[in-house]
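Here the structure comes first, spelled out in structure tokens, and everything after it is commentary.
Counting from 1, the numbers follow the sequence of the chain as shown. Just so it is clear, the structure is predicted and the values come from calculations on it, not from any experiment.
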Amino acid sequence: MTIQEMLQHVDHTLLKAVAAWEDIQKLCEEAIEYQTASVCIPPCYVKRVHDTYGEKINICTVVGFPLGYSVKEAKMAEVQKALEDGASEIDMVINISDVKNKNYEAIKDEIAALKKLVGDKILKVIIETCYLTEEEKIAMCKIVSEAGADYIKTSTGFGTGGATIEDINLFKAHIAPGVKMKAAGGVRSLKDLEMFLNAGCERIGTSSAVQFIKGEKPKNY
């Protein structure tokens, strides 16, 4: 796989709380230049990016981010607004408290409700693997599959750990055939990018892809 082919699997990401418009512009211009899969940006910038760049760019944004414990109705409202503003991909965070309480039906219901809103656009489900046991990760693979989501995603990049190859291999063993995988958090070198793509990930979430491909020191997620 060439570098250009790898970049086509990257969600070029900037989700820092202090992201200024000039930072978002730089991200978008890099995404256009390097033809990344999308930009993944804070919800407050979705409309401005869409109005500025139009069809030149594929916009991904986050919902229930980064902690996931918003109620379902709040997440649904976030999704609806993001779609109206021009997002075509949604990365949602599950309610991790529900995982710990083994309230799996509530998680399934929430994911299914958001997927119904998203329709033919893409819904990625962040399960935040760093906080889960192996048993819980396997349970989430089943729930994400049954709820009809398009992707299972490892991490927000704001937890205690990011993507690992062990978690991706676990996903592969337990997700339904139609569910794709996204690795995020800690992908900070060309070697990491190649490793996760070779393991079967369809998308990689990172703020660092352009930097490490250009030989620059990666910045934080």
*Could you walk me through whether Val99 and Met140 pass the side-chain contact (heavy atoms from CB on, under 4.5 Å) test, one step at a time?*
CA-CA 8 Å; Val99 181; Met140 289 307 97; 3.8 Å; yes
*With the 4.5 Å side-chain cut-off for hydrophobic clustering, are Ile165 and Ile138 part of the same group?*
no
*Could you grab the distance from atom CD1 of Ile3 to atom OH of Tyr34, nearest 0.5 Å is fine?*
10.0 Å
*asked:* Could you check whether Glu89 pairs with Arg203 (Lys NZ or Arg NE/NH1/NH2 to Asp/Glu carboxylate O, under 4.0 Å)?
replied: yes
*asked:* Hydrophobic cluster membership, with links at side-chain heavy-atom distances under 4.5 Å among I/L/V/M/F/W/Y: are Ile24 and Ile57 in one?
replied: yes
*Would you kindly confirm whether Tyr131 and Tyr69 end up in one hydrophobic cluster when ILVMFWY residues are joined by side chain heavy atoms under 4.5 Å apart?*
no
*Name the one of Val62, Leu83, Val63 that satisfies side chain to side chain contact (heavy atoms under 4.5 Å, CB included) with Glu78?*
Val63
*Side-chain heavy atoms of Asp85 within contact of His50, under 4.5 Å*: no
*Nearest non-hydrogen partners of Lys137 and Leu132, listed with the distance*: CE-O, 3.3 Å
_Lys142 atom NZ: more than 12 heavy-atom contacts under 6.0 Å_ = no
*Closest heavy-atom contact between Cys201 and Ala183?*
SG-CB, 3.9 Å
*Give a yes or no on whether Gln4 atom CD has more than 12 heavy-atom contacts from other residues, nucleotides or ligands under 6.0 Å away.*
yes
*N-O pairing of Lys26 and Glu30 below 4.0 Å*: yes
*Parallel, tilted or perpendicular: which fits the ring planes of Phe65 and Phe158, with parallel below 30° and perpendicular above 60°?*
perpendicular
_Atom CD of Glu73 with >12 non-hydrogen neighbours under 6.0 angstrom_ = yes
*asked:* Could you check whether Lys182 pairs with Asp91 (Lys NZ or Arg NE/NH1/NH2 to Asp/Glu carboxylate O, under 4.0 Å)?
replied: yes
*Distance (rounded to the nearest 0.5 Å) between Lys121 NZ and Asn58 CG*: 10.0 Å
*Any donor-acceptor pair under 3.5 Å linking the side chain of Thr2 with the backbone of Glu5?*
yes
*Do you know the tightest heavy-atom contact between Ala82 and Thr61?*
CB-CG2, 3.6 Å
*Decide side-chain contact (heavy atoms from CB on, under 4.5 Å) for Thr164 and Phe196; before the verdict, give the C-alpha distance in whole Å, the side-chain angles of both, and the deciding distance to 0.1 Å.*
CA-CA 9 Å; Thr164 68; Phe196 284 113; 5.6 Å; no
*Side chains of Ile111 and Met92: closer than 4.5 Å at any heavy-atom pair?*
yes
*Which atoms form the tightest heavy-atom contact between Tyr151 and Glu202, and what is the distance?*
OH-CG, 3.1 Å
*Answer yes or no: is there a donor N or O on one side and an acceptor on the other, between the side chain of Ser207 and the main chain of Leu14, under 3.5 Å?*
no
*To the nearest 0.5 Å, what is the distance between CG (Leu15) and OG1 (Thr156)?*
9.0 Å
_Test side-chain contact (heavy atoms from CB on, under 4.5 Å) applied to Met181 and Ile175, step by step_ = CA-CA 9 Å; Met181 300 183 295; Ile175 55 175; 3.7 Å; yes
*State whether the side chain of Lys124 and the backbone N or O of Lys180 hold a donor-acceptor pair below 3.5 Å, judged by distance alone.*
no
*Salt bridge check: are Arg188 and Asp192 linked by an N-O gap of less than 4.0 Å?*
no
*Could you note down all residue pairs passing side-chain hydrogen bond (donor to acceptor under 3.5 Å, both in side chains) where residues 36-45 supplies at least one of them, sequence neighbours left out?*
Asp11-Ser38
_Path from Ile107 to Leu67 over hydrophobic side-chain contacts below 4.5 Å_ = no
*asked:* When you measure from the side chain of Asp23 to the backbone of Ala20, do you find a donor-acceptor pair of N or O atoms at a distance under 3.5 Å?
replied: yes
_Does any part of the side chain of Phe171, heavy atoms only, come nearer than 4.5 Å to the side chain of Val144, both counted from C-beta?_
no
_Polar side-chain atom of Asn101 near backbone of Asn103 as donor-acceptor pair, under 3.5 Å_ = no
*Could you give the distance from CZ (Arg48) to OH (Tyr53), rounded to the nearest 0.5 Å?*
9.5 Å
*Give a yes or no on whether the backbone of Gly64 and the side-chain of Ser70 come within a donor-acceptor separation of less than 3.5 Å.*
no
*Closest approach of Ala163 and Thr154, non-hydrogen atoms and distance?*
CB-OG1, 3.5 Å
*Can you pull the side-chain hydrogen bond (donor to acceptor under 3.5 Å, both in side chains) pairs that have at least one residue in residues 106-117, sequence neighbours excluded?*
Lys72-Asp109, Lys75-Glu110, Lys108-Glu146, Lys115-Asp150
*Is any NZ, NE, NH1 or NH2 atom of the basic residue among Glu136 and Lys102 found under 4.0 Å from an Asp or Glu carboxylate oxygen of the other?*
no
_Tell me whether the count of non-hydrogen atoms from other residues, nucleotides or ligands lying under 6.0 Å of NZ in Lys100 goes above 12._
yes
*Verify the cluster assignment for Ile204 and Ile122: are they in a single hydrophobic cluster under the rule of side-chain heavy atoms below 4.5 Å apart?*
no
*Between CD1 on residue Ile96 and SG on residue Cys130, distance to nearest 0.5 Å*: 7.0 Å
_Heavy-atom closest contact (Ile168 atom, Ala199 atom, distance)_ = CG2-CB, 4.0 Å
*Output, in order, the C-alpha distance, side-chain angles, deciding distance and verdict of side-chain contact (heavy atoms from CB on, under 4.5 Å) for Val125 and Val93.*
CA-CA 6 Å; Val125 179; Val93 186; over 6 Å; no
*Side chains of Leu170 and Thr129 in contact at under 4.5 Å (non-hydrogen atoms)*: no
*Does the side chain of His12 come within less than 4.5 Å of Leu7's, by heavy atoms?*
no
*Quick one: does Cys60's side chain get under 4.5 Å of Ile41's, heavy atoms only?*
no
*How about Met76 and Val79: do any of their side-chain heavy atoms sit closer than 4.5 Å?*
no
*asked:* Could you tell me if the side chain of Thr52 sits less than 4.5 Å from the side chain of Cys28, heavy atoms only?
replied: no
